[in-house]
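For reference, the structure is listed below as C-alpha cells.
Here is the naming used below: chain letters follow the sequence lines, and residue numbers restart at 1 for every chain.
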2 protein chains.
Amino acid sequence: MSEKKKGNGLAMRPFARSLPMQLLRAREALMQEFRPHLRKHGLSEQQWRVLRALAEAGSMDINALGEMCQIHPASLSRMLPNLESEGRIERRNDRDDQRYIIVSITAKGRALFQRVAKESEQIYASIERRIGSSELKTLYELLDKAIRAAPENAQEK
Amino acid sequence: MSEKKKGNGLAMRPFARSLPMQLLRAREALMQEFRPHLRKHGLSEQQWRVLRALAEAGSMDINALGEMCQIHPASLSRMLPNLESEGRIERRNDRDDQRYIIVSITAKGRALFQRVAKESEQIYASIERRIGSSELKTLYELLDKAIRAAPENAQEK
DNA sequence: GCCAGATACTTAACATGTTAAGTTTATAGA
DNA sequence: TCTATAAACTTAACATGTTAAGTATCTGGC
C-alpha cells in the first residue's frame, strides 16, 4: 500500500517463492487425501511410514529407521513401544552389539501394511493422473536434486 | 531376499517414490540450513513463518494467517500469545465482527524480520546456485501444479 | 585389563500438529 | 424479538517434532 517501489519493501522474495513453504504446501495438499484413509485403519502418518519402511527394507536399527522415515530417533523411542504393544512390530537387541535395537515388522503388521498399501496405491494413481505422469517424473528428479544439493545430508554417515 | 519376482512383493511402489516422503525429505534437507540461522535469532520455524506472512501481507485474521503459514488455527492460538508478549506482534478484535482477531506485526517485529530476512536470502541464494536457477523455476511450477491438483485446497473457502 | 571418548538409544521438557469439544458472536428465519 | 444455526476462535488431550541431558555399551590406546 505505502511501499515505494523498491521491490516489495521487504528485502525478501515473496512467501509463495519460499521453497520450504511450497514443499510444505504441496505435501499438506497431498496428505489431505491420504490422512482420512490412514485414519480409517487407525494409523498415524508416522506409524504408516514406519510400517512401510520395515515392510520394504526389512529389519533395521533405530537410526536407520529414523533416516528412512525421516523421524527423529527420540520420536521413535516413544512411538515404537506403542506399535509393539499393538503387535505390529518387534524389537530385539543386536546380538553382537548390545547398543543396537533391531526393529522388524510382524506378520500382523505386514498384513495391515498390505491392506493399507492397496488403497494407498489407488489414491496415488489418482494423484498421478491429475499431475501427469511426465511432470511427476520430472518432479521426482528435481526433488532428488534438491535433496542432494543439501550440504551434508548424512545419508550414510 | 525371499521375494519371488512379483514386483517387489510389496504391492506398493518403493518408499523413495512416495511423493509426500520426497517432499518431506527435500524440505528437511533445506531446513537443516535455515534452522540454525533462525535459532540464532530465537525464532522457531513456525514463528518465522508468522512474522514473514504478516510482514508481507499486513494484518490478517487467524484463519487467513493459518492458511498463509500452513499452521492450524489451534496452534496459532497457542503461539500468538507468546509472540505478543515478546512484543513482535499485536492482536485486536475486529471492530465490525467481534469474532475475528486481527493480527499484525509490530515495529519491533518488523525490525527482527528485516534482520533475519537478510541472512535468509543469502542462504536461499546459495541453495538456488546449487539447484540451478532454471531447475528451481521448474520445481516451483511443478509444486504449484501439485498444489492445484489437490481436490479442494480451500484457498479462499 | 583399564579408561577416556565415541556410539546408540532413552528420557525429559517444551513447542507444535491434530482432532474434538467448548465459548462467544453473528446471521437468518419465524 | 427469539431462536437455531453457523462462524471464528479457544481450550484440552494426546501424538509427534526438537533439543539437551542421561544411560548403557563399545572401541581404541595405554
For Lys108(A), the side chain to side chain donor-acceptor pair (under 3.5 Å) test, sequence neighbours excluded, returns none

Give the rounded distance in Å between these two atoms: CD of Glu67(B) and C1' of dC9(D).
17 Å

Partner set under side chain to side chain donor-acceptor pair (under 3.5 Å) for Arg91(B), not counting sequence neighbours
Glu84(B)

Between CG of Asn82(B) and P of dT16(C) the distance, given in whole Å, is 7 Å

Which residues pass the ring-ring contact (aromatic ring centres under 6.0 Å, His included) test with His72(B), sequence neighbours left out?
none

Within the side chain of Thr138(B), is there an N or O that forms a donor-acceptor pair under 3.5 Å with the backbone of Ser134(B)?
yes

Between Ser59(B) and Ile102(B) (side chain of the first, backbone of the second, donor and acceptor by atom type, cut-off under 3.5 Å), is there such a pair?
no

Between the protein and nucleotides 17-21 of chain D, list the N/O to N/O atom pairs that are separated by less than 3.5 angstrom.
unit_1	atom_1	unit_2	atom_2	d
dG17(D)	OP2	Ser75(A)	OG	3.1
dG17(D)	N7	Arg78(A)	NH2	2.7
dG17(D)	O6	Arg78(A)	NH1	2.8
dT18(D)	OP1	Arg35(B)	NH1	2.9
dT19(D)	O3'	Arg39(B)	NH2	3.1
dA20(D)	OP1	Arg39(B)	NH2	3.4

Round to the nearest Å and state the distance from Leu65(B) atom CG to dA8(D) atom P.
15 Å

Judged by each residue's nearest nucleotide on DNA chain C, which is more toward the 5′ side, Asp94(B) or Asp97(A)?
Asp97(A)

Output side-chain donor-acceptor pairs under 3.5 Å for residues 75-83 of chain B, partner residues at least two apart or in another chain, one line each.
unit_1	atom_1	unit_2	atom_2	d
Ser77(B)	OG	Pro73(B)	O	3.4

Suppose we screen for side chain to side chain donor-acceptor pair (under 3.5 Å). Which residues come up paired with Tyr100(B), at least two apart in sequence or across chains?
none

Inter-axis angle, terminal five-pair segments of the helix from dG1(C)-dC30(D) to dA30(C)-dT1(D) [nearest 10°]
10°

Find the distance Asp61(B):CG to dT25(C):C1' and express it as a whole number of Å.
14 Å

Protein-nucleic acid N or O pairs under 3.5 Å, nucleotides 1-4 of chain C:
none

Gap between atoms CD1 and C1', on Ile102(A) and dA8(C) respectively (whole Å):
11 Å

Tell me: CD1 of Ile101(A) to C1' of dA24(D), nearest whole Å?
10 Å

Between Leu80(B) and Arg95(A), whichever has its closest DNA chain D nucleotide further toward 5' is Leu80(B)

Considering only heavy atoms and no angle criterion, is a donor-acceptor pair shorter than 3.5 Å present between the side chain of Arg99(B) and the base of dT24(C)?
no

Mind checking what makes side chain to side chain donor-acceptor pair (under 3.5 Å) contact with Lys145(B), not counting sequence neighbours?
Glu135(A)

When all nucleic acid strands are considered with a 4.0 Å heavy-atom cut-off, which category describes Ser77(A): base, sugar-phosphate, or nothing?
base

Please report the distance, rounded to the nearest Å, between CZ in Arg92(A) and C1' in dA8(C).
15 Å

Within this structure, what is the OH-to-C1' distance between Tyr100(A) and dT27(D), rounded to whole angstrom?
12 Å

Just jot down the side chain to side chain contact (heavy atoms under 4.5 Å, CB included) partners of Ser120(A), sequence neighbours excluded, or say none.
Phe34(A), His37(A), Trp48(A), Val116(A), Met12(B)

Going by the rule salt bridge (charged side-chain N to carboxylate O under 4.0 Å, His left out), which residues pair with Glu128(B) if we only count those two or more places apart in sequence or in a different chain?
none

Gln98(A): which residues meet the side chain to side chain contact (heavy atoms under 4.5 Å, CB included) condition with it, sequence neighbours left out?
Asn93(A)

Validation row: Gln22(A), Arg27(B) side chains within 4.5 angstrom (heavy atoms):
no

Does dC9(C) have OP1 or OP2 sitting under 4.0 Å from an N or O in the side chain of Asn63(A)?
yes

